[in-house]
Structures are given as C-alpha cells and as structure tokens.
Amino acid sequence: MTAVPAITLNNAVQIPQLGFGTFQIPPEDTRETTLAALKAGYRHIDTAQMYGNEKEVGQAVRDSGLDRADVFVTSKLNNDSQGHDNALRAFDRSLDELGLDHLDLFLIHWPLPAKGLFVETWKALEEIYRSGRAKAIGVSNFQPRHLRRLLENSDVVPAVNQIEVHPYLTQDEVRAFGAGHEIATEAWSPIAQGKVLDDPTINRIAEREGKSPAQVTLRWHIQRGDIVFPKSVTQKRIEENFDLFDFELSEGDIGEISALNRNERTGFDPDRFNG
Ligand SMILES: NC(=O)C1=CN([C@@H]2O[C@H](COP(=O)(O)OP(=O)(O)OC[C@H]3O[C@@H](n4cnc5c(N)ncnc54)[C@H](OP(=O)(O)O)[C@@H]3O)[C@@H](O)[C@H]2O)C=CC1
Ligand SMILES: O=C1CO[C@H](CO)[C@@H](O)[C@@H]1O
C-alpha cells in the first residue's frame, strides 16, 4: 500500500494529506463505512458536531485495532455553540461522543460574521489547545478578512483553514493568504460532490492516464498541496479515492484543470452565512 504524504502544520503536527470525509453518512452506516475506509488505508477522518455521527466515527476508530496515535481525527464546533463558554462545553461533548481523550484537530466550522463571536470562540480553542486535548486548532470557511481579524486578536495562528475548493472554485485568494501565513488549506467537497466528474477536460486527462475523473481531480488537489478528504459510502469508490499515488499530472495538466475555475460554490457563501 502506497504511503500517503504528510503535511507538517505550523505547530509541527503532521496530518495525512488524504483523509476520509463523513458529511451525509447516516449515523447507522458510519461505523461500518469508517471502518471500511480505515481498512482501505485512510488514517485521517473528518467529522463535525453538525454531521451527527461523531459517536460512530469514534466507535470505528476504537474498533479498528489501530493505535490512536496512527489515526488523525478532526471535528468542528457547531454554529450554535460559538462564544467562549459554549465552545468549551461543546468541545467536551465532542470528546464524550467520540469516546476519545483528544482530538488531532478542532475547527470553528463557520465564521458567522454577523454574530461577531469568532474571536471570543477562538480564545476557547486556544485554551483547549494549551490543555493538550486538541493537538491542533483551526478554522473553516474563513475569508481573508476574517483571518486578518483573528490574527490581529489572538496568540495561536490557525493550523488550517478548511474551505470549499475544487476545479470549479479554485479559491486562489484564500489559498494564497493561507500560504502567506503558514495556514494549511484543507479542500472540502474536493470533487464538488460529483459535479466536476463529467467535465470534458478532466475526462480527457483521466482517459490518457487510465485513471478515473475523481482520481485525476483528487490528484490535482494533492499536487497543489492541499489536504483532501473525499466522502463515499461505496466500497469501490472508497478504494478508488485512496489510489492516487501511482501517477503524476504534468504542470500543463494542473494549469488546464485550474483554468476550469468559474467561482462556482456548491455550499454557502461564508460572508453571508450566519447559521
Ligand atoms: N467545513 C465545511 O464546511 C465542509 C466540510 N466538508 C467535509 O468535506 C468532505 C468531502 O466533501 P463532500 O461534501 O462530502 O463532497 P465530495 O466532493 O467528497 O463528494 C462526495 C460525493 O461524491 C460521490 N463520490 C465520491 N467518490 C466518488 C467517485 N470516485 N466517483 C464518483 N462519485 C464519487 C459520493 O457518492 P457516494 O457516497 O454515494 O459513493 C458523494 O455523493 C465531507 O464529507 C466533510 O467531511 C464538506 C462540506 C462542508
Ligand atoms: O460541513 C458542512 C456540510 O455541509 C453543510 C451544508 O452545505 C455545510 O453547512 C457544512 O459546513
């Protein structure tokens, strides 16, 4: 089995560049599906309080027989739990649900700019980080203006910013801001929930490489240096999405796929979404 490259975060914690996403996996299927991913070789699982499946993700990690230190687990603070004290309580609930004594990464899920609570919420995440119960902390769906405000008012620089990125939304500005501040970019909905898989350019490259459109798209993310965690409940796709390390795209391919950008979101606009 090919080793997945690791990215070193700004606090020296290592994160596998390829993980497994769990949004929309119903709780009753989550243990089995997450175990299938771990069996296929994934060692990084992305969940959230919002997904309602932390309990089953934790069960899978504990039932996998793997050392806890060998599996990277991320969760995210729910939008209704921003604010210092609420965030501390919600983090404790996550650990209880997961049945784990620490998280590898804990994120503020959305900035919710109109609520004006993300700086205060971040202070709680800093306390959690200092206690060692989250090995790294970060944010999700933050725009540069939100990151600037956070950086000006806090001590710990977020380790990651998890944002929507795929060939139809290449996010050049947010990724460049992250790169300039040692904030790693995590790309959510990396295949745009399937919407990029019929793209003629991606299909042409896939045919030439003898790979699937999903594999070419995920490889594009990997070569751009982002962290990805495709979701699938389908055994064949779980394996396919992990099989990215026996081919390489040329600079020309990367440029052609990046040029497909049309600033098209599948999810909410972080400036307008307020929970
Ligand atoms: N921070 C945030 O705000 C957000 C974070 N996320 C995170 O990112 C993860 C990934 O994003 P997600 O929105 O799930 O979307 P993805 O881009 O990973 O796409 C998932 C969809 O694509 C299908 N699919 C997966 N692999 C293949 C394949 N090889 N060929 C064809 N179809 C495929 C899946 O179908 P099937 O399952 O039926 O096989 C599913 O319908 C989430 O699970 C979550 O962990 C997602 C959204 C927002
Ligand atoms: O993680 C997530 C999954 O998708 C939801 C609906 O689009 C998002 O709000 C959320 O950020």
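Note that ligands are numbered from 1 as they come in the structure, with each ligand's atoms numbered from 1 the same way. Keep in mind that this is a model prediction, so the values were computed, not measured.
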>> Looking at ligand 1, is there an atom of it that comes within less than 4.0 Å of some heavy atom belonging to S212?
In response: no
>> Quick test of your reading of the model: are R130 and D155 salt-bridged, counting only N-O distances below 4.0 Å?
In response: yes
>> List ligand 1 atoms under 4.0 Å from L197, heavy atoms only on the residue side.
In response: 30 (N), 31 (C), 32 (N)
>> For F118 together with F142, are the ring centres under 6.0 Å from each other?
In response: yes
> Under 3.5 Å, N or O to N or O, is K76 touching ligand 1 that way?
Replying inline: no
> Hey, is Y51 one of the residues with a heavy atom under 4.0 angstrom from ligand 1?
Replying inline: yes
>> As an exercise, identify every atom of ligand 1 less than 4.0 angstrom from a heavy atom of A192.
In response: 17 (O)
> Between H109 and ligand 1, which part of the residue brings a heavy atom under 4.0 Å of the ligand: side chain, backbone, both or neither?
Replying inline: side chain
> Between R204 and E256, is there a side-chain N and carboxylate O pair less than 4.0 Å apart?
Replying inline: yes
> Out of Q235, K231, E164, who gets a non-hydrogen atom closest to atom 20 (C) of ligand 1?
Replying inline: K231
> Can you list the ligand 1 atoms lying under 4.0 Å from a non-hydrogen atom of P230?
Replying inline: 18 (O)
> Would you say the side-chain atoms of Q82 pair up with the backbone N or O of W110, donor to acceptor, closer than 3.5 Å?
Replying inline: yes
> Where is the nearest protein heavy atom to atom 10 (C) of ligand 1: which residue, which atom, and how far?
Replying inline: F229 O, 3.2 Å
> What protein heavy atom is closest to atom 23 (C) of ligand 1, reported as residue, atom name and distance in Å?
Replying inline: R237 NH1, 4.0 Å
> Among protein heavy atoms, which sits nearest to atom 12 (P) of ligand 1, and what does the distance come to when rounded to 0.1 Å?
Replying inline: S189 OG, 3.6 Å
> Which protein non-hydrogen atom lies closest to atom 47 (C) of ligand 1, naming both residue and atom, and how far is it?
Replying inline: W188 CE3, 3.1 Å
>> Please evaluate residues K135 and Y129 with respect to the criterion side-chain hydrogen bond (donor to acceptor under 3.5 Å, both in side chains), reporting the C-alpha separation (whole Å), side-chain torsions for both, the decisive distance (0.1 Å), and the verdict.
In response: CA-CA 6 Å; K135 302 293 176 199; Y129 174 60; over 6 Å; no
>> One residue to check: S232. Relative to ligand 1, which of side chain, backbone, both or neither has a non-hydrogen atom less than 4.0 Å away?
In response: both
>> Can you report which non-hydrogen protein atom sits closest to atom 3 (O) of ligand 1, along with the distance?
In response: N141 ND2, 2.9 Å
> Mind checking whether F20 and Y42 have parallel, tilted or perpendicular rings, split at 30° and 60°?
Replying inline: perpendicular
> Heavy-atom contact under 4.0 Å between W110 and ligand 2?
Replying inline: yes
> Can we say E152 and R148 salt-bridge, meaning some charged N sits less than 4.0 Å from an Asp/Glu carboxylate O?
Replying inline: no
> Which atoms of ligand 1 are found less than 4.0 Å from any heavy atom of A214?
Replying inline: 28 (C), 29 (N)
> Between H109 and ligand 2, which part of the residue brings a heavy atom under 4.0 Å of the ligand: side chain, backbone, both or neither?
Replying inline: side chain
> In the protein, what heavy atom is nearest to atom 45 (O) of ligand 1, and what distance, to one decimal place, separates them?
Replying inline: D46 OD2, 2.6 Å
>> I'd like the name of whichever of D243, T217, N241 reaches closest to atom 29 (N) of ligand 1 through any heavy atom.
In response: N241
> Under the side-chain hydrogen bond (donor to acceptor under 3.5 Å, both in side chains) criterion, do S94 and E54 qualify, and how do the steps go?
Replying inline: CA-CA 7 Å; S94 264; E54 285 179 307; 2.5 Å; yes
>> Given F23, F273, Y51, identify the one with the heavy atom nearest to atom 1 (O) of ligand 2.
In response: Y51
>> Within the 3.5 Å criterion, strictly below it, is a donor on W220 or D253 matched to an acceptor on the partner's side chain?
In response: no
> For F229, which of T74, D46, T47 qualifies under side-chain contact (heavy atoms from CB on, under 4.5 Å)?
Replying inline: D46
> Looking at T234, which atoms of ligand 1 are within less than 4.0 Å of one of its heavy atoms?
Replying inline: 36 (P), 38 (O), 39 (O)
>> Between K211 and D243 (salt bridge meaning N to carboxylate O under 4.0 Å), is one present in this structure?
In response: yes
> Do R219 and Q215 pass the side-chain hydrogen bond (donor to acceptor under 3.5 Å, both in side chains) test, and can you show the C-alpha distance, the side-chain angles, and the key distance before you say yes or no?
Replying inline: CA-CA 6 Å; R219 181 75 207 179; Q215 287 171 320; over 6 Å; no
> H166 and E264: which non-hydrogen atoms are nearest, and at how many Å?
Replying inline: CE1-O, 3.3 Å
> Quick one: do D101 and R133 make a salt bridge, cutoff under 4.0 Å?
Replying inline: no
> Heavy atom under 4.0 Å from ligand 2: found in F268's side chain, backbone, both, or neither?
Replying inline: side chain
>> Counting non-hydrogen protein atoms only, what is the nearest one to atom 22 (O) of ligand 1? Give residue, atom name and distance.
In response: I191 CD1, 3.5 Å
> Nearest protein heavy atom to atom 19 (O) of ligand 1, by residue and atom, and its distance?
Replying inline: Q193 CA, 3.3 Å
